[in-house]
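We count ligands from 1, going down the list as the structure has it; atoms in each ligand are counted the same way.
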Amino acid sequence: MLIVSVISLKGGVGKTSVTLGLAGAAWERGVRTLVVDLDPQGNASTVLDPPEVRFTASDVLSDPRPELLAHAVATSGWGPAVDVIAADSLLERHNALAGRDTTLRLRVAMGGLSGYDLVLVDSPPSLGGLTRNALAASHTAVVVAEPSLFSLQGAAAALDAIEMVHADNLRLRPAGIIVNKLRTQSTEHRFRLDELRTTYGDLVLEPPLPDRAAVQQAEGACVPVQSWRSPGAREIADALDDHLDHLLAHPVDDGPLGAPAAGRGNGRHRR
Ligand SMILES: Nc1ncnc2c1ncn2[C@@H]1O[C@H](COP(=O)(O)OP(=O)(O)OP(=O)(O)O)[C@@H](O)[C@H]1O
Ligand SMILES: [Mg+2]
């Protein structure tokens with residue numbers, strides 16, 4: 001079971017759309033997937049549209065017992081291949097908590113989780129307690145970036161965040177950067193894409209995801225983009241397939257998660 005966080009410290013670049021797109025690629029292949037929505041905005045939960053939610057991600061972080069997490073898992077409206085732990089607005093209060101014990105809550109709660117090939121954790125656009133929880137629980141993290149200056153800065157900060165959390169999670173490795181919403185006709189976009197490739201080399205995952213209306217249309221209809229019938233949707237779906245292949249090839253390291261807890265702080269000064 002591979003656990004992947006989808007992060008960026010810049011808002012609106014497509015974290016949720018990439019999370020849903022990867023879940024859709026898994027849905028199309030019948031890869032058993034759980035989406036954990038750690039964003040108080042709850043956008044992924046809205047699109048995954050579970051008919052019944054007994055406990056939310058906020059409940060899980062408040063009371064991180066594996067038994068409670070098991071009850072928080074809901075079948076999504078997409079069918080049995082994709083389950084979801086839904087967000088609610090109360091998650092916000094967990095963003096303010098960034099101590100080591102609070103950072104490890106999701107990981108502790110996921111301790112008994114099984115039956116999935118893939119877990120995708122969507123996160124809010126900040127390095128607060130929620131993104132830290134996501135990173136501390138994951139094997140790897142995907143950074144999402146748009147080909148624009150501010151988004152590039154967000155990507156650099158997100159890669160730094162992965163380094164920072166590494167002290168709490170020795171198995172955490174960046175999967176790489178997925179470039180999203182690329183408009184190939186835009187000179188600025190092509191310039192920023194080149195800049196990303198020059199700066200980060202192989203960490204920039206291929207292919208970039210193009211800007212296509214089908215992403216918003218499928219989200220608006222609460223269905224996987226893979227089920228949307230348009231050339232743009234197929235283009236996005238093919239690209240996401242490549243990204244899912246890349247992720248599923250990531251070694252699942254279930255070795256030691258972090259240095260012994262005694263005497264450790266939140267890891268921030270330990271690099
Ligand atoms: N490849 C794409 N083509 C067209 N529109 C896209 C694409 N990716 C994302 N979008 C749209 O861009 C908007 C922002 O995307 P999304 O909500 O996924 O970003 P986010 O990083 O999760 O935002 P936040 O930081 O608020 O959580 C949404 O309306 C989404 O439908
Ligand atoms: Mg989002």
Report yes if some N/O of [X] lies less than 3.5 Å from some N/O of ligand 1; otherwise report no.
| X | value |
| --- | --- |
| V13 | yes |
| N180 | yes |
| A213 | no |
| K181 | yes |
| D39 | yes |
| T16 | yes |

Side-chain donor or acceptor of [X] paired with backbone N/O of [Y] under 3.5 Å:
| X | Y | result |
| --- | --- | --- |
| H189 | T184 | no |
| S76 | V82 | yes |
| H250 | I3 | no |
| S5 | I7 | no |
| W78 | V47 | yes |
| N180 | E146 | no |

Sub-4.0 Å heavy-atom approach of S8 to ligand 1: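 Checking ligand 1 against S8, which is what was asked, there is no heavy-atom contact under 4.0 Å.
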Give the residue, atom name and distance (to 0.1 Å) of the protein heavy atom nearest [atom].
| atom | value |
| --- | --- |
| atom 2 (C) of ligand 1 | V215 CG2, 3.6 Å |
| atom 5 (N) of ligand 1 | Q216 NE2, 3.2 Å |
| atom 31 (O) of ligand 1 | E219 OE1, 2.7 Å |
| atom 26 (O) of ligand 1 | Q41 NE2, 3.1 Å |
| atom 9 (C) of ligand 1 | S17 OG, 3.2 Å |

Looking at [X] and [Y], does any basic side-chain N land under 4.0 Å from a carboxylate oxygen?
| X | Y | answer |
| --- | --- | --- |
| D245 | R29 | yes |
| R32 | D83 | yes |
| D238 | R234 | yes |

Heavy-atom nearest neighbour of atom 16 (P) of ligand 1 within options G232, S123, P208, G14: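 That would be G14.
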Heavy-atom nearest option to atom 4 (C) of ligand 1, drawn from K15, R183, E146, R212: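 The residue whose heavy atom sits nearest atom 4 (C) of ligand 1 is R212.
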Whether S17 has an N, O or S atom under 2.8 Å from the Mg ion (ligand 2):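 Short answer: no, not a single N, O or S atom is under the cut-off.
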Which atoms of ligand 1 have any heavy atom of [X] under 4.0 Å away?
| X | result |
| --- | --- |
| P210 | 1 (N), 2 (C), 3 (N) |
| G11 | 25 (O) |
| P125 | 25 (O) |
| G12 | 14 (C), 19 (O), 20 (P), 21 (O), 23 (O), 24 (P), 25 (O), 26 (O) |

Residue pair L120 / V36, side-chain heavy-atom distance below 4.5 Å: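 Answer no - side chains too far apart.
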Pairwise side-chain contact, N95 with S126, heavy-atom cut-off 4.5 Å (strictly under):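 Side chain of N95 against side chain of S126, heavy atoms only: contact under 4.5 Å found.
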Polar contact flag, side-chain donor to acceptor under 3.5 angstrom, S148-E188: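 On atom types as modelled, these side chains do not qualify, holding no pair under 3.5 Å.
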